[in-house]
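All values reported here derive from a predicted model rather than from experimental measurement. Just so it is clear: chains get the letters A, B, ... in the order the sequence lines come, proteins before strands, and each one is counted from 1.
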Number of protein chains: 2
Amino acid sequence: MATKTRDAAAEKLPLDQILAGDCIDIMNSLPEGSVDLIFADPPYNLQLKGSLHRPDNSAVDAVTDHWDQFASFAAYDSFTRAWLKAARRLLKPDGAIWVIGSYHNIFRVGAALQDAGYWVLNDVIWRKSNPMPNFKGKRLTNAHETMIWASKAETSKYTFNYEALKALNEGIQMRSDWVLPICTGHERLKDANGDKAHPTQKPESLLHRVIVGSTNPGDVVLDPFFGTGTTGAVSKMLGRHFIGIEREESYRKVATARLDKVRKLDASALETSTSKRSEPRVPFGQLVERGMLRPGEMLVSPRGKAAKVRVDGSLVSAEHRGSIHQVGALLEGAPSCNGWTYWQFKRDGQLIPIDILRQQIRTEMARDA
Amino acid sequence: MATKTRDAAAEKLPLDQILAGDCIDIMNSLPEGSVDLIFADPPYNLQLKGSLHRPDNSAVDAVTDHWDQFASFAAYDSFTRAWLKAARRLLKPDGAIWVIGSYHNIFRVGAALQDAGYWVLNDVIWRKSNPMPNFKGKRLTNAHETMIWASKAETSKYTFNYEALKALNEGIQMRSDWVLPICTGHERLKDANGDKAHPTQKPESLLHRVIVGSTNPGDVVLDPFFGTGTTGAVSKMLGRHFIGIEREESYRKVATARLDKVRKLDASALETSTSKRSEPRVPFGQLVERGMLRPGEMLVSPRGKAAKVRVDGSLVSAEHRGSIHQVGALLEGAPSCNGWTYWQFKRDGQLIPIDILRQQIRTEMARDA
DNA sequence: TGGATGCGTGAATCTCGAA
DNA sequence: TTTCGAGATTCACGCATCC
């Protein structure tokens, strides 16, 4: 707590600094039970092989840095278990940890956390509003990353600022899925050449929510994979202490310059809420998946043209196939057509516009948001 | 594929049935390499202690069934590794699996999948539009569950109906986070007392998306934790075969009654949008042979580069010669080039993409088939 | 100054069949 | 098993440029 007298162990901490070196060695050199929160963004072990090009033939700048290379799952596990053990020793009894990862590594991290005695509180999904698409159409767009929030032990009285997060979420309980954009634009740090300074810089909005939700002012937040220092920047801004550990000198240099520019906020730290209150998009396919329309059912146009609904939410008429908009446009010989207002379905002998069903879904969405 | 002759192993399968007993024993009794897809909703090992009450003091009906009780993580791991091994043996070489879970078990399941040799394709978040709130305000609202989609091996040519899922999502490629409501209302099966028949019944919309996206009509879908048979119901409706395995008689009974009521959709509703990859290959030389392009005629690129058509269907420019793709790539200095969409020819002063000619041939082929 | 247009890019396990 | 070559494939933004 902010008001609590700092204990002896914490007094020996090198606060608000970036420590150079291997995170396991350095964590082992710091006093036991001294840190309130750990935020860790470890290597994901992506195991990328060849190169990848966009449809326009430009090359994707992939994460191929040496620090993300591991010989095997076993090697990655052994690294993971070692740093998680060192991290747990550092935590105060009521401390907690956040770890972020992708499907490449997060299952291994999660199992190691549980095996080490941490107690998982939530898994939190960062849903990216602007992810990189899947260029080859071979998988789903990888549009999220996973964070695990765990206390040091099952009995820990971890910090959770329920009301603060609820306030951040317009008065509604914060959920386990967070929609936030990736780090781009001015926030993305560049090196002297104008290239990105770090391949995986996290957005400050993500750390903002983590730190507001699970620390108090004056707390100590340690990041063993500091990179360009997002954790430090947000901690400093929010009046928390940080300790960064980073092996690579180039990252430390960028982080130091960044942290020098950060000013602690006075009082009301408001999230840059991107509340574009436009109506949410409802794919027509959801009406089929949710059983509101039956695959095989016929839709009818105002002038009596008909088309059949297929399981993937596309339509097929005598001569055309495609989306509700495409088939409508083709049947009318029009350049475009709003399928939502064009098509109707039959219930109890009545013709009903399909837009009614979309309204039902939107009403649910608004109620449940 | 639906039209492919079923192989010997698959012919011995007990299709469209619910098998009674332990899933590991039963899977081991079925023929190796015979199943296209496995969907598994294993016990979550929730480790619930005590009871939970809502703010109004009503009790939350928690999952406390005996089948969800495990003595330790080690016991749960050993169970998980055993059924995943039996499941992998059953899969065809190009088969795939989906497993759904929560933070209690999904990390252990994911690590076990990777260790067993499965190849993770995506982790998919089922984002619940109407989750149960966190009554105590001690954690984030647990508003999602995680599914892991993995192929049998890294080299598997898994089924992925990219275009169908894109159609379900109104023309934008499907992401790894799916917003769907939980199973309520009349879809939620009740027992004779009017209580819910199964504590964790999954919504059909979720299975619809899984099955449309990763199987073809006629495929065999196995569910080793069948419960009340959502996987079977959706498989049957979508013209896939199912095999259910369920230990508890009460669930089998409910599932049987449910499946009897399901009708298979007619074939035209089952058709989905397909990708160009599945269309027949047309050699460029055919355009010349058929007189659609004259030997000696010039093709033009979007940026005005030109090449001459030769009698054998190769191109020659000032500096390069080769296929339409090779010459395009060389002229652009690109690693590759789709000549079909790159080159244009001239008719009546208009520039027309050569892909139009390929479309004409494909339309003829479809009509004559 | 403002709107339209175009370009660049982000933690990516990203083709496939024939020879 | 490896090699070769045809040819399929992208969404949301920020920012710069150009009328």
Verify the contact: side-chain N or O of A/N134 to OP1 or OP2 of C/dA12, cut-off strictly under 4.0 Å; return yes or no.
no

With a cut-off of less than 4.0 Å, is there a side-chain N or O of B/S323 near OP1 or OP2 of D/dA6?
yes

Can you identify which nucleotide, out of C/dA11, C/dT13, D/dT10, has its nearest atom closest to the A/F73 side chain?
C/dT13

Between P on D/dG5 and NE2 on B/H325, what's the gap in Å once rounded to a whole number?
12 Å

Contact between A/C23 and A/F226 at the side-chain level, heavy atoms closer than 4.5 Å - yes or no?
no

Is NZ or CZ of A/R247 both nearer than 6.0 Å to the six-membered ring centre of A/W67 and within 45° of the ring axis?
no

When rounded to whole Å, the CG to P distance for the pair B/D355 and D/dA6 reads 16 Å

Against the side chain of B/I172, the closest entry in D/dC11, C/dA11, D/dA8 is D/dC11

Taking only side-chain nitrogens and oxygens of B/R281, does any of them come within less than 4.0 Å of OP1 or OP2 of D/dG7?
yes

Face-to-face contact B/W119 to C/dT13 six-ring, under 5.5 Å, under 30°
yes

When you measure from the side chain of B/K276, which nucleotide among D/dA8, C/dT9, C/dA11 comes out closest?
D/dA8

Could you give the CG-to-C1' distance, from B/D312 to D/dA6, as a whole number of Å?
16 Å

How far does the C1' atom of C/dA12 sit from the matching atom of D/dT9, given to the nearest Å?
14 Å

May I ask you to verify if any side-chain N or O of A/Y103 is less than 4.0 angstrom from the OP1 or OP2 atom of C/dT13?
yes

B/W149 and B/W98: aromatic ring centres closer than 6.0 Å?
yes

Taking side chain as C-beta onward, heavy atoms only, is B/F39 less than 4.5 Å from B/M147?
yes

Is the A/H104 to A/Y44 ring centre distance short of 6.0 Å?
no

Roughly, in whole Å, what's the span from CG in A/D61 to P in C/dG8?
14 Å

Against the side chain of A/D41, the closest entry in D/dA6, C/dA11, D/dC11 is C/dA11

Ignoring the backbone of B/R277, work out which of C/dC14, C/dT15, C/dA11 is nearest its side chain.
C/dT15

Any side-chain N or O of B/Y162 below 4.0 angstrom from OP1/OP2 of D/dT10?
yes

If you only use heavy atoms from C-beta on, which nucleotide in D/dT10, C/dG10, D/dA8 is closest to the side chain of A/P55?
D/dT10

Option from A/Q201, A/R188, A/E248 for which side chain to side chain contact (heavy atoms under 4.5 Å, CB included) with A/T228 holds:
A/Q201

Kindly point out which of C/dA11, C/dG10, C/dT13 is positioned nearest to the side chain of A/K202?
C/dA11

Rounded to the nearest angstrom, tell me the gap between atom CZ in A/R188 and atom P in C/dG10.
6 Å

Is the phosphate of C/dT13, meaning OP1 or OP2, less than 4.0 Å from a side-chain N or O of A/K138?
no

Does the side chain of A/H198 get closer than 4.0 angstrom to OP1 or OP2 of C/dA11 through an N or O atom?
no

For A/K136 and D/dT10, is the shortest distance between a side-chain N/O and OP1 or OP2 below 4.0 Å?
no

Could you tell me whether the phosphate oxygens of D/dA8, OP1 or OP2, come under 4.0 Å of any side-chain nitrogen or oxygen in B/N338?
yes

